[in-house]
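Below: one structure, written as structure tokens.
Whatever order the structure lists ligands and atoms in, that order sets their numbers, starting from 1.
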Amino acid sequence: MPVIDVAANLHRVRQEIDDACAAAGREPSEVRLLPVSKTHPPELLTAAYDAGARLLGENRVQEAAEKAEHFATERPDLRWAMIGHLQTNKARQVAGFADEFHALDSLKIARALHRALHEEDRTLDVFVQVNSSAEPQKFGLAPEEVPDVVGELAELSTLRVRGLMTVAVQRDAGTGDAPVAACFGRMVELRDALPEHLCGRELSMGMSGDLALAIAHGATTVRVGQAVFGARDSR
Ligand SMILES: *Cc1c(COP(=O)(O)O)cnc(C)c1O
């Protein structure tokens, strides 16, 4: 089994982020690295923590809840961002431990989260997921649905809308960067068209394969799995 040096990987990815910021004329402090630890065992998460990570991304509720419980006593300052589509019947569980939710894609899930958060006396930072590539297999709201949803979210006091999130189209050697860049460009346009008091200015976009391009377009959080923790079994 290959040994994964999580600390070295985090350092290298951070360097890549800083270089992308320099190239784009942006401040490195404007871009946050969210390491995505889904599928990986607690040892690798501990290595990330020891290297300074205090927020980790997960996409399956059961797995995330178990990890959160595992780390709660010894590393209580480790926080959790849920980055995957959520079913309504899991909202209560997520409301109990998550600090951020990057895949808000319906009012139904928003209301379920709000009810649970209200009872727990907690709040949740959320990013509204947009299907910027219009691929049918992708989660997220169509861009034209976003203004109405964001308007309704203002009624839900436990949810703090920090901005928008997307998973861009997969880069293809044949077509190059243009289709990916078009996804990121759509996100910027959409964000800029939304009133600031309803939707934060943040953009959660960019992954291991497209983070520099996302930063060039204004990403404020990049969600990076493989480049930090190594390859996953397919998912
Ligand atoms: C898994 C995942 C990531 C990280 O992807 P990598 O290619 O491993 O960097 C980012 N965002 C979401 C929504 C994911 O599910």
Quick look: His102 vs ligand 1, heavy-atom contacts under 4.0 Å, and the answer is neither

Tell me whether [X] at atom [atom1] has more than 12 heavy atoms from other residues, nucleotides or ligands lying less than 6.0 Å away.
{"X": "Glu144", "atom1": "CD", "value": "yes"}
{"X": "His70", "atom1": "NE2", "value": "yes"}
{"X": "Glu69", "atom1": "CD", "value": "no"}

Which atoms of ligand 1 sit under 4.0 Å from any heavy atom of [X]?
{"X": "Met165", "answer": "13 (C)"}
{"X": "Gln226", "answer": "6 (P), 7 (O), 8 (O), 9 (O)"}
{"X": "Val224", "answer": "9 (O)"}

With the 4.5 Å side-chain cut-off for hydrophobic clustering, are Phe184 and Ile17 part of the same group?
yes

Q | Backbone or side-chain N or O of Gly209 under 3.5 Å from ligand 1 N or O | A | no

Practice problem: For ligand 1, find out whether one of its N or O atoms is nearer than 3.5 Å to an N or O atom of Arg232. | Solution: yes

Query - Cation over ring face, Arg162 and Phe127, 6.0 Å, 45° - result: no

